[in-house]
Amino acid sequence: MEEQVLTPEESLLVIQAMINKAKETVADNSYYFLLWGWLTFIACISQFVLKVIINSPYHPVVWSINIFALIFSLVHAVKQQKKQHAKSYVDSALDYLWLSVMLSFMLFGFVFARLGWQDCYTFYMLLYGLGSFVTGRLLKFPPLVWGAVVCWLLAIITTFTSFNVNMLLCALAIAVCYIIPGHLLRSKYKPQ
Amino acid sequence: MFKELDPILHSQLRLAIMSLLISVKEAEFTFIKEKTNATAGNLSVQVQKLKEAGYIDVTKEFKDNYPNTTCHITQQGIKAFEEYVKALQEYLKVGQSR
């Protein structure tokens with residue numbers, strides 16, 4: 001870019017061009033949706049199999065899979081940070097959003113451990129929907145927004161159904177609001 | 001009477017750098033170089049001028065054992081950029097009404 005005297009029109013074009021180039025600067029977050037989506041989906045189905053079909057009292061153990069998801073997420077975040085050459089305000093907002101969602105999940109764990117796990121799926125699904133909806137709006141990516149809406153509707157349904165059915169409804173919710181949008185998001189960022 | 005356009009911003013490369021930095025939270029030197037298509041030498045000079053004017057902050061650190069320069073816009077830079085855009089709009093308004 002050479003130095004030259006600019007007219008007001010040219011100045012405006014420079015500003016417009018650079019702002020448009022900066023707009024493309026949002027990191028690919030599909031990894032997290034696919035990782036957490038698939039692991040949560042597997043956990044829901046496994047818990048259903050253990051609790052309803054095998055009648056095992058150890059069915060909640062499947063959720064220890066979250067520890068692996070957390071470790072993989074942290075490793076990926078460090079790698080991504082090394083590759084990323086600019087941080088947008090959207091990236092920053094997403095960091096804070098998912099940090100608060102993760103902390104809420106942990107606090108819910110504490111609350112349910114004290115009050116009982118009967119309605120846990122309803123609240124977890126509301127949180128899945130919240131994260132998905134805000135991310136979808138920030139990235140201007142409708143599949144995440146619609147996935148969140150479906151997730152919230154399923155959360156309402158869980159108030160009418162039993163815990164056993166709620167495990168399957170949660171698996172469905174996670175497929176609609178994390179897994180499917182996650183794959184669509186990945187294909188959007190994949191170089192053509 | 002027209003407001004004079006800020007001479008620090010009224011340069012193609014410096015304006016490009018500021019437009020990029022106002023859109024992101026922070027950006028590395030390599031990112032700015034890639035987006036502006038400027039040479040490293042010219043970019044260094046213009047980044048230094050913006051830094052001396054107090055419009056951007058420059059942080060130098062090591063990333064994977066290589067020196068890495070990160071820039072972000074300051075409050076003073078945001079104000080100057082907004083005033084520059086306002087002044088531009090005034091010029092353009094007069095141009096259109098002629």
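Just so we're on the same page: letters track the sequence lines, and every chain starts at 1.
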Might you confirm whether atom [atom1] of [X] has over 12 heavy atoms from other residues, nucleotides or ligands at distances under 6.0 Å?
{"X": "A/Trp98", "atom1": "CH2", "value": "yes"}
{"X": "A/Phe72", "atom1": "CZ", "value": "no"}
{"X": "A/Phe68", "atom1": "CZ", "value": "no"}
{"X": "B/Gln48", "atom1": "CD", "value": "yes"}
{"X": "B/Gln75", "atom1": "CD", "value": "no"}

Discussion item. Within the 4.5 Å heavy-atom criterion, are B/Val24 and A/Lys87 side-chain neighbours or not?
Written reply: no

Could you state the interatomic distance from [atom1] ([X]) to [atom2] ([Y]), rounded to the nearest 0.5 Å?
{"X": "A/His85", "Y": "B/Thr70", "atom1": "NE2", "atom2": "OG1", "answer": "10.5 Å"}
{"X": "A/Gln84", "Y": "B/Phe31", "atom1": "CD", "atom2": "CZ", "answer": "9.5 Å"}
{"X": "B/Ser19", "Y": "A/Asn20", "atom1": "OG", "atom2": "CG", "answer": "11.0 Å"}
{"X": "B/Leu20", "Y": "A/Ile15", "atom1": "CG", "atom2": "CD1", "answer": "11.5 Å"}

Give me the atom names and distance for the closest heavy-atom approach of [X] to [Y].
{"X": "A/Ile19", "Y": "B/Ser23", "answer": "CG1-OG, 3.4 Å"}
{"X": "A/Met18", "Y": "B/Ala16", "answer": "CG-O, 3.5 Å"}
{"X": "B/Leu88", "Y": "A/Pro8", "answer": "CD2-CA, 3.5 Å"}

Worksheet item: Given the rule that I, L, V, M, F, W and Y join up when any side-chain heavy atoms are under 4.5 Å apart, are A/Leu70 and A/Val101 in one cluster?
Response: yes

Worksheet entry | Linked, directly or transitively: B/Ile22 and A/Leu6 (ILVMFWY side chains, under 4.5 Å) | yes

Response to the item:
When the 4.5 angstrom heavy-atom criterion is applied to A/Gln16 and chain B, the contacting part is neither

Practice prompt. Pick one of side chain, backbone, both or neither for A/Ser92, based on which atoms fall under 4.5 Å of a heavy atom in chain B.
Written response: side chain

Worksheet item: Who pairs with B/Glu28 by salt bridge (charged side-chain N to carboxylate O under 4.0 Å, His left out), at least two apart in sequence or on another chain?
Response: B/Lys63

Discussion item. If I measure from the heavy atoms of chain A, does B/Tyr84 come under 4.5 Å with its side chain, its backbone, both, or neither?
Written reply: side chain

